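One structure below.
Note that this is a predicted model, so its numbers are computed, not measured. Atoms considered below: every heavy atom in the structure, side chains included; atoms not considered: hydrogens, waters and symmetry mates.
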Amino acid sequence: MLEGQRVASLVFDLLKADTGAGGVNTLTSGRIYRDRVPQTAVLPAVTVTLVSATDVSTLGGVRVGTNVLVDVRVVNAGTVYSNAIADRIDVVLQNTGGLKETVRTVELVREQVQAFIEDDAGTSFAHLIATYRTPAYA
């Protein structure tokens with residue numbers, strides 16, 4: 001579980017650090033959150049959520065390898081998808097790895113993309129969700 005949370009934290013940090021012209025942090029005015037967008041937040045915004053962290057190998061009874069899935073969601077007000085933000089997220093994350101505390105993220109690879117429009121109390125919201133998979137090692 002901790003390995004997956006650390007991978008999600010690394011993804012969050014990578015997106016927050018993308019502050020240049022056209023960067024994710026720039027395009028969202030810093031509205032990058034873990035798990036949920038605050039109700040009062042201006043849109044578009046991005047969330048990073050741990051989907052799963054499955055242990056795949058052990059050494060001496062200790063978890064060594066974990067297969068981690070992380071969702072990165074772009075939500076926008078209305079029925080227009082925030083394609084430019086989603087494209088930039090993929091540029092930042094695809095084939096990226098790194099170290100967060102004691103956990104090594106080997107290589108983030110986009111596995112799937114979902115898109116849907118949601119209506120809530122007469123307001124529409126467009127969601128683009130990219131799921132990234134990576135092996136991670138403690």
Compare all side-chain heavy atoms of [X] with those of [Y] and state whether any distance is below 4.5 angstrom.
{"X": "Leu108", "Y": "Arg133", "value": "no"}
{"X": "Asn76", "Y": "Phe125", "value": "no"}
{"X": "Leu15", "Y": "Val11", "value": "yes"}
{"X": "Ile32", "Y": "Val24", "value": "yes"}
{"X": "Leu128", "Y": "Asn83", "value": "yes"}
{"X": "Val7", "Y": "Leu50", "value": "no"}

- Tell me yes or no: between the side chains of Gln5 and Arg34, is some donor less than 3.5 Å from an acceptor? yes

- Query: Between the side chains of Thr131 and Asp71, is a donor N or O closer than 3.5 angstrom to an acceptor N or O?
  - Reply: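 Yes.
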
Assigning hydrophobic clusters by single linkage (Ile, Leu, Val, Met, Phe, Trp, Tyr; side-chain heavy-atom cutoff under 4.5 Å), is [X] placed with [Y]?
{"X": "Val46", "Y": "Leu69", "result": "no"}
{"X": "Ile129", "Y": "Tyr81", "result": "no"}
{"X": "Val92", "Y": "Leu10", "result": "yes"}
{"X": "Val72", "Y": "Val75", "result": "no"}

Just verifying a value: how many Å separate [X] [atom1] and [Y] [atom2], rounded to the nearest 0.5 Å?
{"X": "Thr47", "Y": "Asp35", "atom1": "OG1", "atom2": "CG", "value": "7.5 Å"}
{"X": "Leu93", "Y": "Tyr132", "atom1": "CG", "atom2": "OH", "value": "5.0 Å"}
{"X": "Ser82", "Y": "Ile89", "atom1": "OG", "atom2": "CD1", "value": "9.0 Å"}
{"X": "Leu27", "Y": "Asn25", "atom1": "CG", "atom2": "CG", "value": "9.0 Å"}
{"X": "Arg6", "Y": "Leu99", "atom1": "CZ", "atom2": "CG", "value": "10.0 Å"}
{"X": "Asn95", "Y": "Thr134", "atom1": "CG", "atom2": "OG1", "value": "10.0 Å"}

- Report the C-alpha separation of Glu101 and Leu2 in whole Å, then their side-chain angles, then the decisive distance to 0.1 Å, and conclude whether the side chain to side chain contact (heavy atoms under 4.5 Å, CB included) test is met. CA-CA 10 Å; Glu101 297 174 26; Leu2 295 176; over 6 Å; no

- For Asp13, enumerate each residue passing the salt bridge (charged side-chain N to carboxylate O under 4.0 Å, His left out) test, keeping only those at least two apart in sequence or located in another chain.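 With sequence neighbours excluded, Asp13 shows a salt bridge (charged side-chain N to carboxylate O under 4.0 Å, His left out) to Lys100, given in chain and number order.
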
- Item | Any donor-acceptor pair under 3.5 Å from Glu3 side chain to Ala53 backbone | no

- Does Asp90 use its side chain to pair, donor to acceptor, with the backbone of Gln94 at less than 3.5 Å? no

Considering only distance and modelled atom types, tabulate donor-acceptor pairs under 3.5 Å from the side chains of residues 116-123, sequence neighbours left out.
{"residue": "Glu118", "atom": "OE1", "partner": "His127", "partner atom": "NE2", "Å": "2.8"}
{"residue": "Asp119", "atom": "OD1", "partner": "Ser124", "partner atom": "OG", "Å": "2.5"}

